[in-house]
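Because the structure is predicted, anything quoted here is derived from the model rather than measured. Just so it is clear, the values below take in all heavy atoms, side chains as well, and ignore hydrogens, waters and symmetry mates.
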Amino acid sequence: NVRNSFQDTVNPKTHVGYLNISGPIYDSSFYVKKIEENLEDTDIKALLLKINSPGGYPASCQAIFHELLRFKKKKPIVVFVENSCASGGYY
């Protein structure tokens, strides 16, 4: 039916998660929480990660890195770098 086809087009059943890492990385808790939320959401089939960061604290960057590795085992990640991606941002 046309109505259902329209609804499927306007309201897709699957989604792509989005996470923006911008600026110095001092605290990883927000990013780790968002990555976990995107991983647990069954409607989200991938993650778009936008990075514009000069890096940050090593432990915080490592926590984000390990959470992204865990995410990547189950769903794909696409990374978009805007302007800067150095040190811990690159890691």
Participant: Within the 4.5 Å heavy-atom criterion, are L69 and H66 side-chain neighbours or not?
Facilitator: yes
Participant: Are V81 and Y18 connected in the hydrophobic side-chain network, where two residues link if heavy atoms are under 4.5 Å apart?
Facilitator: no
Participant: Between G17 and N38, which heavy-atom pair has the shortest distance, and what is it?
Facilitator: CA-OD1, 3.3 Å
Participant: For L19 and F30, work out which heavy atoms get closest and say how close.
Facilitator: CD1-CE2, 4.4 Å
Participant: Can you list every pair that meets salt bridge (Lys or Arg N to Asp or Glu O under 4.0 Å) and has a residue in residues 38-49, with sequence neighbours left out?
Facilitator: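 Of all non-adjacent pairs touching residues 38-49, none passes salt bridge (Lys or Arg N to Asp or Glu O under 4.0 Å).
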Participant: Membership question, hydrophobic clusters at under 4.5 Å side-chain separation (ILVMFWY): are L48 and I21 in the same one?
Facilitator: no
Participant: Using 0.5 Å steps for rounding, measure from the CG atom of L39 to the CD atom of E67.
Facilitator: 7.5 Å
Participant: Same cluster or not: L47 versus V78, using hydrophobic residues (I, L, V, M, F, W, Y) connected whenever any side-chain heavy atoms lie under 4.5 Å apart?
Facilitator: no
Participant: Using 0.5 Å steps for rounding, measure from the OG1 atom of T42 to the NE2 atom of H15.
Facilitator: 9.5 Å
Participant: Any salt bridge linking E36 with K33? Criterion: basic side-chain nitrogen under 4.0 Å from a carboxylate oxygen.
Facilitator: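 Salt bridge flag = no for K33 with E36.
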Participant: Report, one line per pair, each donor and acceptor closer than 3.5 Å where one atom sits in a side chain of residues 49-61; sequence neighbours left out.
Facilitator:
residue, atom, partner, partner atom, Å
K50, NZ, E82, OE1, 3.4
N52, OD1, S84, N, 3.3
S53, OG, G23, O, 2.8
S53, OG, G55, N, 3.0
S53, OG, G55, O, 3.4
S60, OG, Y26, O, 2.8

Participant: Carefully, step by step, assess S29 and D27 under the rule side chain to side chain donor-acceptor pair (under 3.5 Å).
Facilitator: CA-CA 6 Å; S29 60; D27 182 13; 3.0 Å; yes
Participant: Taking I44's backbone N and O only, do any of them form a donor-acceptor pair with K75's side chain (distance below 3.5 Å, no angle check)?
Facilitator: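 It does hold such a pair.
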Participant: Taking all non-hydrogen atoms of both residues into account, name the closest pair between Y91 and F65 and its distance.
Facilitator: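 The answer is O-CD1, 3.2 Å.
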Participant: If you compare all heavy atoms of F71 against all heavy atoms of I77, which two are closest, and at what distance to 0.1 Å?
Facilitator: CD2-CG1, 3.5 Å
